[in-house]
Amino acid sequence: MKINKLTPNLAVADVRKTVQFYCENLGFELIMAVRDTHEVIDGTQPLEDKEYVYAMLKKDSVEIAFQRTDTLREDVSLLDDATIGSSAVLYMDGTGLDAWHENLKNKNIAMTGIKQQWYGVKEFYIRDINGYVLGFAES
């Protein structure tokens, strides 16, 4: 098998609130969402005040999916004990780190300061509203 890309699919309690967090604070765009009725909504439509079970978001070349925990457990039987939040870090490398960090400081987000690492990379971390940790780095 040749692997072409990795798209994390993270368990969340509230898909709509998670989409709002990522779009409003981190500049992600909604690609598509699925209501609990299995109706697919494309990214050109705003999310209504309804229940969603899945959403796909994108920023630049990064895609992240979010799925309501109960439906993720149904879809992936190996996740029978899936919990929200993680000990993993979603680590993203890019450019414009200092300006990105400065922009996020004005938002109500748990985050670290920028640190120059011994291995030559500047990085900082944030925690999203579900407890997932995102790392941002610039070489």
Side-chain angles (χ1 to χ4, degrees):
M1 174 180 188
K2 178 182 179 228
I3 298 175
N4 296 318
K5 71 176 185 173
L6 170 69
T7 305
N9 186 12
L10 305 177
V12 299
D14 189 317
V15 172
R16 189 174 47 80
K17 285 182 182 177
T18 300
V19 168
Q20 287 176 309
F21 176 87
Y22 276 76
C23 292
E24 292 173 7
N25 294 299
L26 303 177
F28 278 78
E29 294 180 21
L30 177 66
I31 302 301
M32 59 83 71
V34 179
R35 288 193 179 135
D36 59 351
T37 60
H38 295 185
E39 178 185 359
V40 176
I41 308 299
D42 71 33
T44 62
Q45 303 174 46
L47 293 186
E48 300 173 3
D49 192 18
K50 297 186 188 252
E51 191 67 27
Y52 293 86
V53 296
Y54 179 87
M56 173 72 72
L57 303 179
K58 184 173 185 174
K59 178 172 175 51
D60 304 320
S61 62
V62 173
E63 290 182 354
I64 302 176
F66 300 97
Q67 189 166 348
R68 200 173 69 195
T69 304
D70 61 321
T71 66
L72 185 57
R73 285 184 188 130
E74 289 172 13
D75 290 349
V76 184
S77 63
L78 295 174
L79 292 174
D80 56 354
D81 61 348
T83 57
I84 296 174
S86 173
S87 61
V89 174
L90 302 177
Y91 193 81
M92 293 165 256
D93 196 340
T95 58
L97 185 83
D98 294 313
W100 179 241
H101 185 266
E102 193 61 34
N103 179 39
L104 293 178
K105 282 177 22 181
N106 299 324
K107 302 179 185 291
N108 188 22
I109 299 174
M111 62 189 291
T112 68
I114 294 176
K115 184 175 180 181
Q116 179 69 48
Q117 297 292 5
W118 61 269
Y119 41 87
V121 174
K122 285 193 313 188
E123 60 190 25
F124 72 94
Y125 297 86
I126 71 163
R127 184 174 34 246
D128 80 0
I129 62 171
N130 299 291
Y132 292 107
V133 175
L134 310 177
F136 299 99
E138 184 172 21
S139 300

Within the structure provided, determine whether Val53 and Val15 are in side-chain contact (heavy-atom separation under 4.5 Å).
no
Quick check against the 3.5 Å criterion: does Thr69 have a side-chain atom that pairs as donor or acceptor with the backbone of Ala11?
no
Reported CD-to-CG distance for the pair Gln20 and Leu30, which is rounded to 0.5 angstrom:
11.0 Å
Run the side-chain contact (heavy atoms from CB on, under 4.5 Å) check on Thr7 and Ile64 step by step: do they pass?
CA-CA 6 Å; Thr7 305; Ile64 302 176; 5.8 Å; no
Below 30° counts as parallel, above 60° as perpendicular, anything between as tilted: where do the rings of Tyr125 and Tyr91 land?
tilted
Identify the heavy atoms of Val121 and Ala137 that sit nearest to each other, and give their distance.
CG1-CB, 3.5 Å
Separation of Leu72 CG from Leu79 CG (nearest 0.5 Å)
5.0 Å
4.5 Å side-chain heavy-atom contact, Val133 and Leu90:
no
Is the number of heavy atoms from other residues, nucleotides or ligands under 6.0 Å of Lys17 NZ greater than 12?
no
Can any side-chain N or O of Asp42 pair as donor or acceptor with the backbone N or O of Thr44 at less than 3.5 Å?
yes
When you compare the side chain of Phe21 with that of Leu26, does any pair of heavy atoms fall below 4.5 Å?
yes
Expected output: side-chain Asp60 to main-chain Val62 donor-acceptor under 3.5 Å:
no
Please tell me whether Tyr119 and Glu123 have a donor and an acceptor in their side chains that are separated by less than 3.5 angstrom.
yes
Please check if the number of heavy atoms outside Lys107 that lie under 6.0 Å from its NZ is greater than 12.
yes
Hey, does the side chain of His101 reach the backbone of Thr112 with a donor-acceptor pair shorter than 3.5 angstrom?
yes
Could you pull out the closest heavy-atom pair between Ala13 and Ile84, with the gap in Å?
N-CD1, 3.3 Å
Could you state the interatomic distance from CG (Asn9) to CD (Gln67), rounded to the nearest 0.5 Å?
5.0 Å
For Glu63, give me all partners under salt bridge (Lys or Arg N to Asp or Glu O under 4.0 Å), at least two apart in sequence or on another chain.
Lys5
Gap between atom OH of Tyr52 and atom OG1 of Thr37 - 0.5 Å precision
9.0 Å
Could you check whether atom CD of Glu29 has more than 12 heavy atoms from other residues, nucleotides or ligands sitting under 6.0 Å from it?
no
Would you say Asn103's side chain and Ala99's backbone share a donor-acceptor pair under 3.5 angstrom?
no
Does the pair Lys50 and Asp36 meet the rule for a salt bridge (charged side-chain N to carboxylate O under 4.0 Å, His left out), with working shown?
CA-CA 9 Å; Lys50 297 186 188 252; Asp36 59 351; over 6 Å; no
Hphob cluster co-occupancy, Val34 + Leu57, side-chain heavy atoms under 4.5 angstrom
no
Taking atom types as modelled, is there a side-chain donor on Thr18 or Asp128 under 3.5 Å from an acceptor on the other?
no
4.5 Å side-chain heavy-atom contact, Val89 and Leu134
no
Output the distance between atom NZ (Lys58) and atom SG (Cys23), rounded to the nearest 0.5 Å.
14.0 Å
Report yes or no: is the cationic atom of Lys59 (NZ for Lys, CZ for Arg) closer than 6.0 Å to the six-membered ring centre of Trp100, at no more than 45° off its axis?
yes
Run Ser86 and Leu10 through side-chain contact (heavy atoms from CB on, under 4.5 Å) and show every step you take.
CA-CA 9 Å; Ser86 173; Leu10 305 177; over 6 Å; no
Note: Glu48-Arg35 ion pair, threshold 4.0 Å (strictly below)
yes
How close do Gly113 and Phe124 get, counting heavy atoms only, and between which atoms?
O-CB, 3.4 Å
Would you confirm whether the ring centroid of Phe66 sits within less than 6.0 angstrom of the ring centroid of Tyr22?
yes
Taking all heavy atoms of Ile109 and all of Arg127, pick out the closest pair and write down the distance.
CG2-O, 4.0 Å
Measure across Asn25 and Leu104 and return the closest heavy-atom pair with its distance rounded to 0.1 Å.
O-CD2, 3.1 Å
Kindly work out whether a path of hydrophobic side-chain contacts (I/L/V/M/F/W/Y, heavy atoms less than 4.5 Å apart) joins Tyr132 to Ile129.
yes
Looking at Arg68 and Glu51, is there a salt bridge between them, counting it only when a charged N and a carboxylate O are closer than 4.0 Å?
yes
About how many Å separate CE of Met111 and CD1 of Ile126, when rounded to the nearest 0.5 Å?
7.5 Å
